[in-house]
2 protein chains.
Amino acid sequence: MRDLSRASGVSLSGLYYYFESKERLLYLIQKHTFTTILDKLKTRLEGVADPEQRIRIFILNHLEYFLVNQQGMKVLSHEDEALKNGPSSEIAAIKRTYYRTCIGLMDDLKRAQGLDFNSRTAVMSLFGMINWIYTWYSPRVDGSAQELAQRMGDIFLTGVTAGSSGLKHRKDISDLSSRP
Amino acid sequence: MRDLSRASGVSLSGLYYYFESKERLLYLIQKHTFTTILDKLKTRLEGVADPEQRIRIFILNHLEYFLVNQQGMKVLSHEDEALKNGPSSEIAAIKRTYYRTCIGLMDDLKRAQGLDFNSRTAVMSLFGMINWIYTWYSPRVDGSAQELAQRMGDIFLTGVTAGSSGLKHRKDISDLSSRP
DNA sequence: TAATCAATCGAACGAACGTTCGAACCATGG
DNA sequence: CCATGGTTCGAACGTTCGTTCGATTGATTA
């Protein structure tokens, strides 16, 4: 709270004029964050039918938000369980919607290609891959969100032994950079 | 510190008789943890030549330790940057050794199979997949470390579109369960 | 027995934190 | 002009935290 006060130029007690408690403020930030990510994902998925491409869109969408708001995401990851009381359930509901959306993407892929893998493990592994970047991402070394999403999408979809990385004949999602 | 005092039965000041500060204690825990994981990994890798199998061993080794010490790993992940001063560099060195070992596994795989992918992205993605489990793992739902390592290894090596999950002709690492 | 020394503890210190409270400010409308 | 009410602030309160200190215990040794 004192950090926010200093960074914003508003006095400590001034903050409490707008937010009744630290927990309430964290709740508002979380709600805004997850709602924004989920809304943007839905928009981007519209009109895209190919299951692989839809998963790549999911990866880029999630990754992009995490890279743009890297420090904020770090705080949110650490403060994840700070919402002890009632409002927490609303956040949990949004997260569950997001999770189920991703499970749906996996099920679509399985149906389209006749695959059989554990959707939960796949989704949680994918979340881990992406969420962990706040501990290691460096723009100079690791490239843009598009490049990283491309590489992570390759690993997740075809694995490291596919041997197609950086070569021809590969769909990419660079056209998504011109978004609304 | 007061939590540790209560849980261990040692008085608060008694703890400071053995550990000069909270930061020092955290340093010792981190050192013990990463040294243990790295030593165990080296032992398990001995005598295994196949690059894919070596990566699967790495995944199982890391995953197993994280699941056995799940609560501890949660604390370590959150307290990751709490080591502000000098001793931090020794921990960083151990981590770097661990990281480079994993990079080596990737390079071996690339050499053996003539692949070309970004080792850093692959390793960091793999770390993310595994380290993230402390946020979602449930023994009843997600099975043993062996089962999870198998599924994560499948995803990382061949991707979700490989279609080989749960079928025949697939090497596994269940024999590793009888370890020293 | 007396002296020593490692081990353990209760009590407290100072700092940091989330939060509250009353006063001060300042633009608006009568 | 004054009164009102939204806005902002400094100062403090109570709690928690990491840490320290002096005293007490209990076994060892001269």
Side-chain angles (χ1 to χ4, degrees), chain A residues 1-37 65-66 69-95 131-132 134-135, chain B residues 1-37 65-66 69-95 131-132 134-135:
Chain A
M1 284 298 160
R2 281 169 172 84
D3 286 347
L4 295 180
S5 167
R6 196 180 324 111
S8 64
V10 178
S11 74
L12 191 54
S13 36
L15 286 180
Y16 281 87
Y17 181 75
Y18 293 100
F19 309 104
E20 67 185 40
S21 71
K22 179 187 172 184
E23 191 173 340
R24 176 72 183 173
L25 175 56
L26 184 57
Y27 157 78
L28 290 171
I29 295 174
Q30 288 202 25
K31 184 176 177 178
H32 175 265
T33 297
F34 297 126
T35 302
T36 301
I37 295 181
Y65 197 95
F66 264 56
N69 310 76
Q70 195 169 1
Q71 315 160 55
M73 292 301 101
K74 189 171 187 172
V75 173
L76 278 199
S77 294
H78 276 230
E79 220 83 355
D80 189 28
E81 297 181 353
L83 263 47
K84 307 285 181 186
N85 305 335
S88 167
S89 62
E90 190 179 345
I91 302 297
I94 301 178
K95 284 187 179 178
N131 291 341
W132 198 245
Y134 79 85
T135 67
Chain B
M1 283 299 161
R2 281 169 173 85
D3 287 347
L4 294 180
S5 169
R6 197 180 322 112
S8 65
V10 179
S11 74
L12 190 54
S13 38
L15 285 180
Y16 280 87
Y17 180 76
Y18 293 99
F19 309 104
E20 66 185 38
S21 69
K22 178 187 172 183
E23 190 172 343
R24 176 72 183 171
L25 175 56
L26 184 57
Y27 157 78
L28 290 171
I29 295 174
Q30 288 201 24
K31 184 177 178 179
H32 174 264
T33 296
F34 297 127
T35 303
T36 300
I37 295 180
Y65 197 94
F66 264 56
N69 310 77
Q70 193 169 3
Q71 314 160 55
M73 291 304 100
K74 188 171 186 172
V75 174
L76 278 198
S77 295
H78 277 230
E79 222 81 354
D80 190 28
E81 296 180 354
L83 263 47
K84 308 284 181 186
N85 304 334
S88 167
S89 61
E90 191 180 344
I91 302 296
I94 301 178
K95 284 186 179 179
N131 291 340
W132 198 246
Y134 79 83
T135 66

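The figures that follow rest on heavy atoms only: side chains count, while hydrogens, waters and symmetry mates do not. Chain naming here is simple, since letters A, B, ... match the order of the sequence lines and numbering starts at 1 in each.
When heavy atoms are screened at a 4.0 angstrom cut-off, A:Phe19 is found touching no nucleic acid atom at all.
A donor-acceptor contact shorter than 3.5 Å is absent between the side chain of B:Ser5 and the backbone of B:Met1. Under the 3.5 Å distance criterion, the side-chain polar atoms of B:Thr135 are matched with a main-chain donor or acceptor of B:Trp132.
Taking five base pairs at each end of the helix from C:dT1-D:dA30 to C:dG30-D:dC1 and finding the rotation axis that steps the C1' atoms of four pairs onto the next four gives two axes whose angle is 30°, to the nearest 10°.
In terms of position along DNA chain D, the nucleotide closest to B:Lys22 lies nearer the 5' end than the nucleotide closest to the other residue of the pair B:Ser13 and B:Lys22. Where A:Leu12 and B:Gly14 meet DNA chain C, the nucleotide closest to each residue was compared, and B:Gly14 sits on the side nearer the 5' end.
Note that OG1 of A:Thr33 is 4.0 Å distant from OH of A:Tyr65, once rounded to the nearest 0.5 Å. Note that CG of A:Asn69 is 9.0 Å distant from CG of A:Leu76, once rounded to the nearest 0.5 Å. A:Leu4 contributes atom CG, which lies 9.0 Å from atom NZ of A:Lys22 (distance to the nearest 0.5 angstrom).
In terms of heavy-atom proximity, B:Ile91 sits nearest to B:Lys31 at CD1-N, 3.5 Å.
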Quiz: residues 10-20 of chain A side-chain donor-acceptor pairs under 3.5 angstrom, not counting sequence neighbours:
{"residue": "A:Ser11", "atom": "OG", "partner": "A:Gly14", "partner atom": "N", "Å": "3.0"}

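From the 5' end on, the contacts that DNA chain C makes with chain B at under 4.0 Å to a non-hydrogen atom open and close at C:dA6 to C:dA12.
Between the OH atom of B:Tyr16 and the P atom of D:dT19 there is a distance of 4 Å, rounded to whole Å.
More than 12 heavy atoms of other residues, nucleotides or ligands sit less than 6.0 Å from atom NZ of B:Lys95.
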